[in-house]
Amino acid sequence: MFFKKKKAQVEPVQSAPNARKQYRKRNSKSQPLEATLRVGGWEPLRVELLDLSMHGAGLRVPFAHDRNLKVGDVIELRIGSMMRNEVATTARVANVAADGQTHIRYGVEFTNLGALYSQLDSYYARHFNRRKQLRVLPSLDKRVHATLKFGGEELRVPVFDISEGGVGVTLTKDSAARVAELGVLDIALQLPGVDKPISCRTQIRHRTPMRNNILVGLEFEVEGERAIGARMGDVLAFVKARAAEIAMWEKNWG
């Protein structure tokens with residue numbers, strides 16, 4: 001992998017034109033993540049991970065070990081925790097600023113979300129917040145599926161994650177092509193412990209290539225005849241229960 005490197009030059013503050021849109025989660029002190037910065041022509045460098053989102057991260061580097069990065073430079077960031085496999089992703093420097101007299105702070109934006117999604121298990125997904133709403137992954141032993149309905153067809157697909165606002169579903173490339181021109185989909189979502197499927201209309205919000213599939217983000221409609229309505233309570237109950245289950249597992253594991 002090749003990384004762009006420019007001449008060394010110290011600048012107090014730089015920033016990309018667009019402000020950060022994603023909420024970033026502070027690195028936990030009880031279960032800290034470790035980050036390693038890789039830049040072409042330099043040895044890998046362990047850096048302080050300040051915050052993290054699905055779209056980017058904040059890094060803190062001592063001046064003595066600064067890699068003299070500039071806005072637009074491309075780097076590789078590896079994030080890990082204890083004995084878990086590292087998550088590796090390319091990123092582009094979005095802003096640079098001095099942090100006191102001894103450190104420099106970098107804000108980076110991830111450049112290949114599809115590759116990043118494919119590496120996240122339930123532990124890492126907890127740290128890479130994608131939205132302000134709590135979003136959880138179903139447990140491996142209780143797979144969650146949804147049925148998508150469009151144009152007289154039905155397509156049963158696995159649920160990748162779920163929040164109060166919607167779900168992410170995993171489609172094969174062939175299946176994704178069948179809904180490529182659509183903006184809305186009717187969905188029947190079957191949650192564990194809930195007898196009746198949750199049926200409502202959804203808006204397609206994103207299509208993200210993964211390693212072998214396509215992750216399609218669907219947002220529940222909250223107004224109109226096909227709105228989720230009172231069934232939102234079932235979604236909230238599932239999300240909260242699953243979040244508590246993950247938290248307990250992590251506490252016992254750690």
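All residue numbers in this chain count up from 1 along the given sequence.
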Problem - Heavy-atom donor-acceptor pair, Arg207 side chain to Ala180 backbone, under 3.5 Å - result: yes
Practice task
Identify whether Met232 and Val167 are in the same connected component of the hydrophobic contact network (ILVMFWY, side-chain heavy atoms under 4.5 Å).
Solution key: yes
Fill in the blank from the handout: Rounded to the nearest 0.5 Å, the CZ atom of Arg84 sits from the CD atom of Glu86 at a distance of 13.5 Å
Exercise for the section: Classify the side-chain pair Tyr106/Asp99 by whether it contains a donor and acceptor separated by less than 3.5 Å. Expected result: no
Handout entry: Within-4.5 Å side-chain heavy-atom neighbours: Glu154 and Arg156
Key = no
Problem - Candidate list Val159, Val157, Ile228, Leu218, test side-chain contact (heavy atoms from CB on, under 4.5 Å), partner Ile187, passing option - result: Leu218
Handout entry: Residues Arg78, Glu76; criterion salt bridge (Lys or Arg N to Asp or Glu O under 4.0 Å); working and verdict
Key = CA-CA 7 Å; Arg78 291 178 175 266; Glu76 182 184 63; 3.3 Å; yes
Handout entry: Verdict with reasoning, Val184 to Ile204, per side chain to side chain contact (heavy atoms under 4.5 Å, CB included)
Key = CA-CA 6 Å; Val184 298; Ile204 298 178; over 6 Å; no
Practice task
Can you run down the side-chain hydrogen bond (donor to acceptor under 3.5 Å, both in side chains) pairs that involve residues 189-200, sequence neighbours left out, and say none if there aren't any?
Solution key: none
Exercise for the section: Only one of Thr89, Thr208, Ile79 passes side-chain contact (heavy atoms from CB on, under 4.5 Å) with Leu116; say which it is. Expected result: Thr89
Handout entry: Co-membership, hydrophobic cluster, residues Leu236 and Leu189, 4.5 Å side-chain
Key = yes
Handout entry: Arg105 (side chain) donor-acceptor with His103 (main chain) under 3.5 angstrom
Key = no
Handout entry: Point-to-point distance, once rounded to the nearest 0.5 Å, from CD of Glu109 to CZ of Arg92
Key = 5.5 Å
Exercise for the section: With the side chain counted from C-beta on, respond yes when Leu77 and Ile75 share a heavy-atom pair under 4.5 Å apart, and no when they do not. Expected result: yes
Handout entry: Heavy atoms of other groups near Arg60 CZ, more than 12 under 6.0 Å
Key = yes
Completion exercise
Value for CG (Leu69) from CG (Asn95), rounded to nearest 0.5 Å, stands at 12.0 Å
Practice task
Report yes if the side chains of Gln203 and Phe220 come closer than 4.5 Å at any heavy-atom pair, otherwise no.
Solution key: no
Problem - CD1-OG1 distance between Ile214 and Thr170, expressed to the nearest 0.5 angstrom - result: 10.0 Å
Handout entry: Check against salt bridge (Lys or Arg N to Asp or Glu O under 4.0 Å), Glu221 and Arg226
Key = CA-CA 7 Å; Glu221 285 196 358; Arg226 298 286 295 149; over 6 Å; no
Handout entry: Steps toward side chain to side chain contact (heavy atoms under 4.5 Å, CB included) verdict (Leu49, Leu59)
Key = CA-CA 5 Å; Leu49 182 64; Leu59 311 174; 3.8 Å; yes
Problem - Interatomic distance, Asp186 atom CG to Phe150 atom CZ [nearest 0.5 angstrom] - result: 11.0 Å
Practice task
Check the pair Arg231, Asp234 against salt bridge (Lys or Arg N to Asp or Glu O under 4.0 Å), reporting the backbone distance first and the verdict last.
Solution key: CA-CA 5 Å; Arg231 300 306 305 278; Asp234 289 326; 2.8 Å; yes
Completion exercise
Interatomic distance, CG@Leu155 vs OG@Ser175, rounded to 0.5 Å, equals 4.5 Å
Handout entry: Contact summary for Pro138 and Val144, nearest pair of heavy atoms
Key = CB-CG2, 3.7 Å
Exercise for the section: For Glu153, look at atom CD and say whether over 12 heavy atoms of other residues, nucleotides or ligands are found less than 6.0 Å away. Expected result: yes
Handout entry: Within-4.5 Å side-chain heavy-atom neighbours: Ile162 and Val235
Key = yes
Exercise for the section: Look at the side chain of Thr202 and the backbone N and O of Leu185, then say whether any donor-acceptor pair between them is shorter than 3.5 Å. Expected result: yes
Practice task
May I ask you to decide if Gly58's main-chain N or O and Asp51's side chain share a donor-acceptor pair within less than 3.5 Å?
Solution key: yes
Problem - Exam field: side chain Arg178 to backbone Lys173, donor-acceptor pair closer than 3.5 Å - result: no
Practice task
Kindly indicate whether the side chain of Phe238, heavy atoms from C-beta on, has any atom under 4.5 Å from the side chain of Val194.
Solution key: no
Practice task
Name all residues meeting the side-chain hydrogen bond (donor to acceptor under 3.5 Å, both in side chains) criterion together with Glu181; count only those two or more places apart in sequence or in a different chain, and write none if there are none.
Solution key: none
Handout entry: Side-chain touch Pro44/Leu37, heavy atoms, less than 4.5 angstrom
Key = no
Completion exercise
On a heavy-atom basis, the closest approach of Ala98 and Phe63 is CB-CZ, 4.4 Å
Exercise for the section: Report yes if some heavy atom in the side chain of Leu50 is under 4.5 Å from a heavy atom in the side chain of Glu48; otherwise report no. Expected result: yes
Problem - Pairwise side-chain contact, Phe110 with Thr90, heavy-atom cut-off 4.5 Å (strictly under) - result: no
Practice task
Give the intermediate values and the outcome of side chain to side chain contact (heavy atoms under 4.5 Å, CB included) for residues Leu171 and Leu148.
Solution key: CA-CA 11 Å; Leu171 276 65; Leu148 306 181; 4.3 Å; yes
